There are 2 protein chains.
Amino acid sequence: MRIGEIAALVGLTTRAIRHYHHVGLLPEPERRPNGYRVYNVRDAVLLARVRRLTELGLSLDEVRDVLADDAGRELAEVLEELDADLARQEAAIRERRSRLGALLAEPPGAAGPVSPALAALLAQAPRTDSPSAAKDREYLTLMDAAGAGGQGIFGVFGTLIADPAVVELYERLDALAEAPTDDPRIAPLAADLMAVVPEELFAAIPADGVVVTGFREALLAEYTPAQAEVVGRLMDAFMERGRG
Amino acid sequence: MRIGEIAALVGLTTRAIRHYHHVGLLPEPERRPNGYRVYNVRDAVLLARVRRLTELGLSLDEVRDVLADDAGRELAEVLEELDADLARQEAAIRERRSRLGALLAEPPGAAGPVSPALAALLAQAPRTDSPSAAKDREYLTLMDAAGAGGQGIFGVFGTLIADPAVVELYERLDALAEAPTDDPRIAPLAADLMAVVPEELFAAIPADGVVVTGFREALLAEYTPAQAEVVGRLMDAFMERGRG
DNA sequence: ACTTGACCTTGACGCAACGGCAAGGTTCTT
DNA sequence: AAGAACCTTGCCGTTGCGTCAAGGTCAAGT
């Protein structure tokens, strides 16, 4: 048989068969004088075995192992490992699908894919169009993605944010947008903010890791100078108490 | 932030982020005088979104589409398509696992992964150590892999093979191993073989496709000359009746 | 001042299992 | 004599980065 015939016979492409030769999975068969490969029935049986094994999901390396020692001992070993691997993949797919389903059920225009803890928090947040509040929500989704929500800090944040007094603080921060860095409102606002933050939150935020020097600068760069003063003091307080 | 900081923040590798720049998923950020990339918090939010989307299983191209028109319209579209794709993958994995399970439950030393129809046939076959019978069983697994079992021909074959008279025919074929091509036993054996084959089998085997010129030669090459005579006559009969 | 060590830069190869194309040779059929 | 349908080798493309290689930069410790 020529390569096209055996390929049609066992249901593979000629390209695949040549590939198997190339990577050494199968030895090159003899050639006719014109260079054509010649296959016999044993080759076909072999290729059929290869096809069945690859269709089961074995890699070519695994197929090679199985073909090498056909004691049947190795086969069961590889197959069990493969089954475990498939089980893991199946579980992963199911989890992704469940998260996908949650996303699709969500109303459009939502914040995108976020953890349930953060979703609850955002739902709790009072409706305000303060730019500072919007920024904060954005940073919360960032911390969510960074995996910061692990210690349940979103729950603490939720009770904090649900407080209507916080809205007023956001507005005081907004008011500092055009202010100079020596504006007298800076110090009292920083103090009021720190007073509102519950002690657990100071403890829950890691002083290293996320709140790292570069991040601090980047975050302050998002605010006007006077606002940055306030936010910077708050962050300093976090980092000091986090260490203590 | 430098690239290492933002990478740690959003839970990606620096290599991944540079890759995103390289393929144009994200624009290159500004540089410090020393060439270092500088990231801000908005970049972090963006990268966090990218991470969540890729973790859901979107390809980078799909992520780019979603990021491009953040109308939220495209997103649902892509997500539904993705979900359908995942559903297909899940089904495929489940089918593979079920076949794997069948294989693992099988006693060791079996013929390997075969269709249930062929498995039933092989179980039915009488115990004989005739080399010709062994060859036939091998070719049957080959036809199985080639998808020839579709028309239920294995069932017909089963009733044929279960006949103890067939064993005697195999032995007569074995006996021709060393015989010359003009051995007088050739003609009667071929006739007896054809007589045993039920008419349905002639009709069920396609004259084109599997039984193609190259295959015929290859198959005959497996036998000694006298045996090939017998098998060749049988095949000729198949091909003629298949056409008629 | 000098040396680590931990960053950063670009560039290029590697992977898994082939698909697809190029550029040419062979064989059988019109 | 020209197709059509085979075959040959060889090389690029796919996906999403990991992993060197070969260097430049910068803050800290000796």
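Quick caveat: nothing in here was measured; it's all calculated off a predicted structure. Protein chains get the first letters and strands the later ones, always in sequence-line order, with residue 1 at the start of each.
- If you walk DNA chain C from 5' to 3' and mark each nucleotide with an atom closer than 4.0 Å to a heavy atom of chain B, the marks span C/dC7 to C/dA12.
- Looking at B/D236 and B/R233, no side-chain N of the basic residue comes within less than 4.0 Å of a carboxylate O on the acidic one, giving no salt bridge.
- Note that CG of B/L53 is 10.5 Å distant from OG of B/S59, once rounded to the nearest 0.5 Å.
- In this structure, B/T54 reaches neither bases nor backbone, as no heavy-atom distance under 4.0 Å exists between it and the strands shown.
- The nearest whole Å value for the distance from the CG atom in B/L60 to the P atom in D/dT14 is 13 Å.
- Residue side chain A/R18 does not reach the base of D/dT9 through any donor-acceptor N/O pair under 3.5 Å, judged by distance alone.
- Considering only side-chain atoms of B/Y36, the nucleotide from D/dC6, D/dT25, D/dT9 that sits closest is D/dT25.
- One end of the helix from C/dA1-D/dT30 to C/dT30-D/dA1 points its axis 30° away from the other end's axis, with each axis taken from 5 pairs and the angle rounded to 10°.
- The side chain of A/R37 places an N or O atom within less than 4.0 Å of a non-bridging phosphate oxygen (OP1 or OP2) of D/dT9.
- For B/N34, a side-chain nitrogen or oxygen approaches OP1 or OP2 of D/dC26 to under 4.0 Å.
- Note: NE2 (B/H22) to P (D/dT15) measures 14 Å, nearest angstrom.
- Salt bridge B/R2/B/E5: present, at least one basic N to carboxylate O contact under 4.0 Å.
- Evaluation of the side chain to side chain contact (heavy atoms under 4.5 Å, CB included) rule for B/E28 yields B/H21, B/R31, B/R37 as partners, not counting sequence neighbours.
- Residue A/R15 places its side chain closer to D/dC11 than to any other of D/dC6, D/dC11, D/dC17.
- Heavy-atom minimum distance, B/V230 versus B/L193: CG1-CD1, 3.6 Å.
- Between B/R64 atom CZ and D/dT15 atom P the separation is 10 Å, expressed in whole Å.
- The residue B/R32 sits apart from the nucleic acid: no heavy atom pair falls under 4.0 Å.
- Electrostatic pairing of A/R42 and B/E222 counts as a salt bridge here, judged by a charged N lying under 4.0 Å from a carboxylate O.
- In plain terms, the two heavy atoms of A/M1 and A/A44 that are nearest each other are CE-CB, 4.5 Å.
- With salt bridges taken as basic N to acidic carboxylate O contacts below 4.0 Å, one links A/D61 and A/R64.
- The closest donor-acceptor contact from the side chain of B/R97 to the backbone of A/E90 lies at 3.5 Å or more, if one exists at all.
- B/I3 places its CD1 atom 18 Å from the P atom of D/dT25, with the value rounded to the nearest Å.
- Side-chain proximity of B/H19 to D/dC6, D/dC11, D/dC17: nearest is D/dC17.
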